[in-house]
Amino acid sequence: MLTLKKLDEIREQTLAAANLENERKGTRIVVGMATCGLAAGAKPVYDLFQEEIIKRGLARVTLAQTGCIGTCRLEPIVEVYQPGQEKVTYVKVTPEKAKRIIASHLGNDEVIQEYTAALDFEAQERIALRNCGIINPELLDEYIAMDGYKALAKALLQMSPKQVIDEIKKSGLRGRGGGGFPTGLKWEFASKSEGEKYVCCNADEGDPGAFMDRSVLEGDPHAVIEAMAIAGYAIGSNMGYIYIRAEYPVAVKRLEIAINQARQAGVLGKDIFGTGFDFDLELRLGAGAFVCGEETALMISIEGKRGEPRPRPPFPAVKGLWGKPTILNNVETYANIPRIILLGADWFAGMGTNRSKGTKVFALGGKINNTGLIEIPMGTPLKDVIYKLGGGIPKGKKFKAAQTGGPSGGCIPAKHIETPIEYDTLIELGSMMGSGGLIVMDEDTCMVDVARFFLEFTVEESCGKCPPCRIGTKRMLDILERICNNQGREDDIEMLEKLAKTIKAASLCGLGQTAPNPVLSTLRYFRDEYDAHIIDHRCPAGVCTAFLQYVIDEAKCRKCGLCARSCPARAIIGRPKQTHRIDTELCVKCGLCMTKCPAKAIEKKQNQ
Amino acid sequence: MDGNTCTCQSEKFKQLEKIIETHKNRPGALIPVMHEAQDLFGHLPFHVQAAIAEGLNVPLADVYGVATFYSKFTLQAKGTYQINVCLGTACYVKGAQAVLDKIADTLHIKVGETTSDGVFSLDATRCIGACGLAPVMTINDKVFGELDADKVEKILHEYLELVWGDDKNADTEEA
């Protein structure tokens, strides 16, 4: 059985053996091997390091795979920690580069500067991501070395369930999955219910553009397991379920490994830390239904049925999984729990703003230079996120809006760029925190098209149980498609607003209630773009193809005929050595000619 | 169907029985069993659903209901190479639609269809969480990032060569 003393022993030993300590004696090399790293080709790089280390007989070198370091655009990333030196970060590593790195850096102590990049984590505050990119997620000992399972031991041995709940309440932690409900309050409700109870984890990260939960699970799975055991102790439950998307195979594999390790070590199972407290976990795979991120639908899906939500009340804290009291928190929320228990509520509440405590992980994506994950204190202004942490907009384009909250959220336009990011300010602006996807849009993005894109998503994902969501969203999409197709009518906007109001008021669950948000929010800030589509018959951003014409600039045309040969619609008129012209009647606006033209003589132009 | 397929099918049904046996007594066993059954058969045709319904003692209508509710489950056979183009927000903003159109064009199939030779299936998928590499697609378990129309054409040709190469090998073996 694991005891507190044993935990400390493992910690001391592992810190030294894995070269994790600050005063390390050997070299530690980590390769970022989360989904993004693997996709960029981290596996062959890792294999090469392994091979070379054995071949060269390098002693005192630890090679470890880690989760996401957070800077996806620079993957595969390899970090080298050597005794008494600053860590060196190599980016976009290939097997060839890896060979040179080993020869030069490990062989001759010479850093290859041209392969490195200085990653600035200064503006970040990493709590949920504390171990991501540092420890090997497939080794329990390395988690323990970073104070892992110490919080569980503290809770079980030194605190009463009520004290645990009070601590979480005092910390001000709010749900990181969307709504921002106070976590401690949720736990307290469930703790007051009688009988068998369940602890659930929502790892069905469905918001397009958000991947922080995947990162935590791939980089630090034990943090979630530890937190769920703490939650079980707090509310009086012995069984937990992690509901995870099947789209995340790497995360599923690492969780399975971690759960088995935790069972073997005795931090899951019977009589944990000799306190008589039993807790076990099971994984349940989602099957690709966005609505299962809604709490009642998620529990019904765990039960093995069609994941259709049911009306609340009764709330899950009273009647949840299999009709028993259940708490559900998302991955990032859980990842904060061990730190709060270990370092105290005051420490956590010291970060963030008045109404939003702690930090939040954001997934930066879209038209921004530094795509990837960042964890920042609540209340950081959007401007800092975009320009300081995000590195600004590529190609010097102009920032137009940031979309948060996925298909349930809205956009924050450039005029509100100074806004501090926290739950309540985002809601005031007509958006919401959501799970933390932050998609940046520049002047080339058409906001009507974005609204159409999100509605298409909701129409597809609406479960069909309640008519306002099933039929209403479809009608809204019809109108948006018409507008994007240059067939908008003057009364369309009024109709959109009317539908939005009804859908929000009458839908059964959060999916429907928030589905109109992307439309309402773009209407609020970008009404002029809708008007341009409907009244002026043009798409200001040049995205909606119905408003475009492809034109050949005769002065630039080299008369080579490549465009005419590539055109699938045979819409380009002109023989070789003659100037070419596009027949707009035949043109299907695929843009192929534009990519083929060596002289860049073909342009997209707005309808005249 | 020839005799060979039959034996391999009955072999698979024996494995399915084992899967059902291991999950049978757990609450909420249906979806885990269907996941494993789909891994085994590649899709969930009627007779597989019927076997699951009988094995778990649930109405066939429930099995069919679940199979059609979740997008991960498919009733139709899929190609050897399953192409999934991510249409998450980050990918969409960076031009995933053009990538998807290019593939559909090159393979002469629509989204959701399989090529007549059963080699490629094309689907649009939800965010796979590799937004840093947008636009992204996967072919079976392999992820391809930072795509554009040209890049995707090259990748498809590599796979086509792989398929044709196999055909050639098969021909010589027969000869």
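As the structure is a prediction and not an experimental result, all values here were calculated from the model. Chain letters run A, B, ... following the sequence lines, proteins first and then strands; every chain starts at 1. Values below: every heavy atom of this structure, side chains too, minus hydrogens, waters and symmetry copies.
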Student: Which atoms of A:Gln403 are under 4.5 Å from chain B, going by heavy atoms: the side chain, the backbone, both sets, or neither?
Tutor: neither
Student: Keeping the roles fixed (side chain from B:His35, backbone from A:Ala246), state whether a donor-acceptor pair exists under 3.5 Å.
Tutor: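 No, B:His35 side chain to A:Ala246 backbone: no donor-acceptor pair under 3.5 Å.
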Student: Can you tell which part of A:Cys292 gets under 4.5 Å to a heavy atom of chain B, answering side chain, backbone, both or neither?
Tutor: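 Looking at A:Cys292, just its side chain touches chain B.
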Student: Tell me, out of A:Gly365, A:Ala287, A:Gly288, who's got the most heavy-atom pairs with chain B below 4.5 Å.
Tutor: A:Ala287
Student: Give a yes or no on this: more than 12 heavy atoms of other residues, nucleotides or ligands lie within 6.0 Å of atom NZ of A:Lys92.
Tutor: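 For A:Lys92, atom NZ is not crowded (no more than 12 foreign heavy atoms under 6.0 Å).
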Student: Mind ranking B:Lys102, B:Gln38, B:Glu146, B:Arg26 by heavy-atom pairs under 4.5 Å with chain A and telling me who comes out on top?
Tutor: B:Arg26
Student: Is atom CG of B:Asn57 surrounded by more than 12 heavy atoms (other residues, nucleotides or ligands) closer than 6.0 Å?
Tutor: no
Student: For A:Thr371 versus B:Lys94, what's the shortest heavy-atom pair and its separation?
Tutor: CG2-NZ, 4.4 Å
Student: Below 4.5 Å, heavy atoms only, C-beta onward: do A:Glu308 and B:Phe69 meet side chain to side chain?
Tutor: yes
Student: Which region of A:Phe454, side chain (C-beta onward) or backbone (N, CA, C, O), has a non-hydrogen atom less than 4.5 Å from a non-hydrogen atom of chain B, or is it both or neither?
Tutor: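 Only the side chain of A:Phe454 comes within 4.5 Å of chain B.
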Student: Measure across A:Cys72 and B:Leu133 and return the closest heavy-atom pair with its distance rounded to 0.1 Å.
Tutor: O-CD2, 4.1 Å
Student: What pair of heavy atoms forms the shortest contact from B:Pro27 to A:Tyr241, and how long is it?
Tutor: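 Minimum heavy-atom separation between B:Pro27 and A:Tyr241: CG-OH, 4.2 Å.
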Student: Between the side chain of B:Tyr92 and the main-chain N/O of A:Val450, is any donor-acceptor distance below 3.5 Å?
Tutor: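 Looks like no, no N/O pair under 3.5 Å.
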Student: Non-hydrogen atoms of chain B under 4.5 Å away: do they reach the side chain of A:Ser301, the backbone, both or neither?
Tutor: both
Student: Heavy-atom pairs under 4.5 Å with chain B are the metric here; pick the option from A:Phe453, A:Tyr248, A:Phe211 that has the most.
Tutor: A:Phe453
Student: Which heavy atom in B:Leu30 sits nearest to a heavy atom in A:Gly304, and how many Å separate them?
Tutor: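 In this case the closest contact between B:Leu30 and A:Gly304 is CD2-O, 3.5 Å.
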Student: Is it the case that more than 12 heavy atoms not belonging to A:Glu481 sit under 6.0 Å from its CD atom?
Tutor: yes
Student: Does B:Gln76, at its CD atom, have more than 12 non-hydrogen atoms belonging to other residues, nucleotides or ligands within less than 6.0 Å?
Tutor: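 Atom CD in B:Gln76 is not packed in, count stays at 12 or less.
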Student: When rounded to the nearest 0.5 angstrom, what is the spacing between CD in A:Glu303 and CD1 in B:Ile31?
Tutor: 10.0 Å
Student: Do the side chains of A:Glu247 and B:Lys72 get close enough for a salt bridge, i.e. N-O under 4.0 angstrom?
Tutor: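 The answer is no: the pair does not qualify as a salt bridge.
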Student: I'd like to verify something: which residue of A:Met212, A:Glu75, A:Glu205, A:Lys367 has the highest number of heavy-atom pairs under 4.5 Å with chain B?
Tutor: A:Lys367
Student: Using only atom types and a distance under 3.5 Å, with no angle test, would you say the side chain of A:Arg306 pairs donor to acceptor with the backbone of B:Gly65?
Tutor: yes
Student: Pick one of side chain, backbone, both or neither for B:Lys142, based on which atoms fall under 4.5 Å of a heavy atom in chain A.
Tutor: neither
Student: For B:Phe41, is the CZ atom crowded, meaning more than 12 foreign heavy atoms sit under 6.0 Å from it?
Tutor: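 Atom CZ in B:Phe41 is crowded, with more than 12 foreign heavy atoms closer than 6.0 Å.
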Student: I'd like to know which of A:Val543, A:Thr35, A:Leu285, A:Asp213 tops the heavy-atom pair count under 4.5 Å against chain B.
Tutor: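 Heavy-atom pairs under 4.5 Å are most numerous for A:Leu285.
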Student: Taking all non-hydrogen atoms of both residues into account, name the closest pair between B:Gly88 and A:Pro208 and its distance.
Tutor: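 Where B:Gly88 meets A:Pro208 most closely, the heavy atoms are CA-CB, 3.7 Å.
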